[in-house]
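Please read the structure below before turning to the comments.
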2 protein chains.
Amino acid sequence: MTASQTAPDTREAIMEATFRALSEHGYSDLRVRDIGEEFEKSRTLIHYHFDGKHDLISSFLEYLIGQYESQSKLGDDENPWEALDGRIDQCLLGPELGERFDHWERMKVYHELFAQAQHNEAHREAFNEHYEVIRGNIEHVLRAGIERGSFRAVDVEDTSQFITDVIHAARARRISLDHDDAPEQAKRAIAAFVYPSLAPADAEGARTRRPSD
Amino acid sequence: MTASQTAPDTREAIMEATFRALSEHGYSDLRVRDIGEEFEKSRTLIHYHFDGKHDLISSFLEYLIGQYESQSKLGDDENPWEALDGRIDQCLLGPELGERFDHWERMKVYHELFAQAQHNEAHREAFNEHYEVIRGNIEHVLRAGIERGSFRAVDVEDTSQFITDVIHAARARRISLDHDDAPEQAKRAIAAFVYPSLAPADAEGARTRRPSD
DNA sequence: GTATCTTTACCAAATGGTCAATCTTATCCC
DNA sequence: GGGATAAGATTGACCATTTGGTAAAGATAC
């Protein structure tokens, strides 16, 4: 980060311009000029606020991940099945429909930078941390559900990892292959393949058990 | 394709040089010059055999996918459980260890171009076709197993799709996040979450049922 | 000799980045 | 309060280098 205590709005505006440019041109064809065009002020101002393209992209990654994580705070005092569904929906469909129309635009950019991470140690680390947060969120929901007796005592690590993987695959498929129904398919698949192992056999758990769909 | 009936070795050499360059520099930093450096002959020869960078990359994608698909022919007269395991292993670990040491190098390049597909209609189509082949292979194995009575009569489309997704997620995780154990985890997860729904309850199927691991 | 293949020298455009000049804003002294 | 002043923010002109691509001259095989 090239910090600049004053004018944080400008930095933020540059971040948003970067998002738009990245969204439109893709990472490999991203020129600083493209960002400049999405930015109301002068292009060279970018160079004043960031130490070159590399620093800009790194900062943007932090910004993108930070945004994603700050939006993914959910209350967890609900019915465990609903909590789990909620988390999965949020990952697959975005936050409460309506608020953010650009959820998939963000996802596209995220996904592209994610693939790019194989060539950048620092980015890889950032994504690893973030990935662990997402998986941890799901693990948390599972753990809470098990404590309540709504879920069977499965291996929360394996299960959360698996769900996270499926979510990521569906997103990748939707984005790279244009499979618009991939998220819905993934939801159904998780319900079909994962939920059974979560559902307890006893009546106690069945009481808070969600209807199959 | 910019066809050239003669000198197909040169074209192939360029494809391999492209692979190496892509592997080393990544798509976004790939210069025609980098390919030239991996290529024994002159750099400009590339421009003689291909109509510019774009055509070169497109041809390379065909080449890469073609290679992948030609290597993935397996006999299917084995035990269905072994056939399924074999297919999954092949996707996750590569063909019989030893032969191709660069399996993951190829995968990395594949994965990167895959992410890139969101920006290129033609590439997206190529990947869609290829994706369908991979999924179709698994569907085929499932269908054969069901006919033999080794598998329960599950929805082969949903199940194959799901397995394919999990495989892709594990590869992505291994490549982008450096999770070396992702493929093994995915194998275990498929065994834990998918195999149960495949295993028939009756003794007939159990006879050819694989031991859990 | 001629058609395919290969190389060398070269180029125009694109691109990340700099620099000095200008505009804004906060600070200080009276 | 008001003007001098310094510090930060912003701009437009400019540049060195990189990069994809070309044209014409050599090879090489048939």
Side-chain angles (χ1 to χ4, degrees), chain A residues 1-61 63 109 112-113 116 119-120 122-123, chain B residues 1-61 63 109 112-113 116 119-120 122-123:
Chain A
M1 263 194 300
T2 313
S4 167
Q5 260 54 29
T6 55
D9 357 339
T10 301
R11 284 179 68 91
E12 168 130 6
I14 294 176
M15 292 290 95
E16 278 304 307
T18 303
F19 163 67
R20 268 175 263 127
L22 219 32
S23 191
E24 185 169 357
H25 303 275
Y27 181 85
S28 63
D29 290 339
L30 181 72
R31 302 168 305 160
V32 179
R33 285 171 150 75
D34 295 323
I35 302 173
E37 275 164 30
E38 298 291 335
F39 182 43
E40 52 172 345
K41 307 196 180 167
S42 167
R43 171 178 75 84
T44 53
L45 190 54
I46 296 168
H47 288 289
Y48 175 77
H49 286 284
F50 298 89
D51 282 347
K53 198 179 178 182
H54 189 75
D55 176 48
L56 173 64
I57 299 288
S58 292
S59 299
F60 176 73
L61 180 57
Y63 174 76
V109 171
E112 184 161 14
L113 292 182
Q116 194 60 27
H119 301 297
N120 187 315
H123 292 190
Chain B
M1 260 193 303
T2 313
S4 166
Q5 261 53 28
T6 55
D9 355 339
T10 300
R11 283 179 68 89
E12 167 130 6
I14 293 176
M15 292 290 94
E16 278 305 306
T18 302
F19 163 66
R20 268 174 262 127
L22 220 30
S23 191
E24 185 168 357
H25 302 275
Y27 181 85
S28 62
D29 290 340
L30 182 72
R31 302 168 306 161
V32 179
R33 284 170 151 77
D34 296 322
I35 302 174
E37 273 164 33
E38 298 291 334
F39 182 44
E40 52 173 344
K41 306 194 179 167
S42 167
R43 187 200 109 221
T44 53
L45 190 54
I46 296 168
H47 288 289
Y48 175 77
H49 285 284
F50 298 89
D51 283 347
K53 197 178 179 183
H54 189 76
D55 176 48
L56 172 63
I57 299 289
S58 292
S59 300
F60 175 74
L61 180 57
Y63 174 76
V109 171
E112 185 161 14
L113 292 182
Q116 193 60 27
H119 301 297
N120 185 317
H123 292 189

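Phosphate proximity of D/dT10 to A/His49: present, with a side-chain N or O under 4.0 Å from OP1 or OP2. At D/dG20, none of the side-chain N or O atoms of B/His54 fall inside 4.0 Å of OP1 or OP2 (strictly under the cut-off). Side-chain nitrogen and oxygen atoms of A/Thr10 include at least one within less than 4.0 Å of the OP1 or OP2 phosphate oxygen of D/dT10.
Sorted by residue number, the members of residues 32-41 of chain B with any non-hydrogen atom under 4.0 Å from DNA chain D read B/Val32, B/Arg33.
The separation between B/Ile46 atom CD1 and D/dT19 atom P is 14 Å, rounded to whole Å. Distance NZ (B/Lys53) to P (D/dT22): 15 Å, rounded to an integer number of Å. Distance, A/Arg31 CZ to C/dA14 P: 8 Å, rounded to whole Å. Rounded to a whole Å, the CD1 atom of A/Ile14 is 15 Å from the C1' atom of C/dG16. In this structure, B/Asp51 atom CG and D/dG20 atom C1' are separated by 13 Å, rounded to whole Å. Going from atom CG of A/Leu56 over to atom P of C/dT15 covers 16 Å, rounded to whole Å.
The side-chain heavy atoms of A/Met15 and A/Leu56, taken from C-beta on, include a pair separated by under 4.5 Å. Residues B/Ile14 and B/Phe60 fail the side-chain proximity criterion, which asks for heavy atoms closer than 4.5 Å. When side chains are defined from C-beta on, B/His49 counts as touching B/Thr10, because their heavy atoms get closer than 4.5 Å. A heavy-atom distance below 4.5 Å is found between the side chains of B/His47 and B/Val32.
A donor N or O paired with an acceptor N or O is not found under 3.5 Å between the base of D/dG12 and the side-chain atoms of A/Arg43. Between the side chain of B/Thr44 and the base of D/dG21 there is no donor-acceptor pair of N/O atoms closer than 3.5 Å.
Between A/Ser23 and B/His119, the shortest heavy-atom distance links the atoms O-CE1, 4.4 Å. Across B/Ala21 and B/Leu30, no two heavy atoms sit closer than the pair CB-CD1, 3.6 Å.
For the atom pair A/Lys53 NZ and A/Ile35 CD1, the distance stands at 7.5 Å (nearest 0.5 Å).
For B/Ser42, the side chain to side chain contact (heavy atoms under 4.5 Å, CB included) partners at least two apart in sequence or on another chain are B/Thr44.
Checked by atom type, the side-chain pair B/Tyr27/A/Gln116 shows no donor-acceptor distance below 3.5 Å.
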Determine, for nucleotides 24-30 of chain D in 5'-to-3' order, which nucleotides have protein heavy atoms under 4.0 Å from the base (write B), from only the sugar-phosphate (write S), or from neither (write -).
-------
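Relative to the side chain of B/Leu45, the nucleotides D/dG20, C/dT6, D/dT10 differ in distance, and C/dT6 lies closest. Looking at the side chain of A/His47, the nearest of the listed nucleotides C/dT15, D/dT22, C/dG17 is C/dG17. You'll find that the side chain of A/Tyr48 is closest to D/dT10, out of D/dT10, D/dC14, D/dG20.
Using a 4.0 Å heavy-atom cutoff across all strands shown, A/Leu30 reaches sugar-phosphate atoms only and no base atom.
Cation-pi check for A/Arg11 over A/Tyr63 is not met; the charged atom does not lie both under 6.0 angstrom from the ring centroid and within 45 degrees of its normal.
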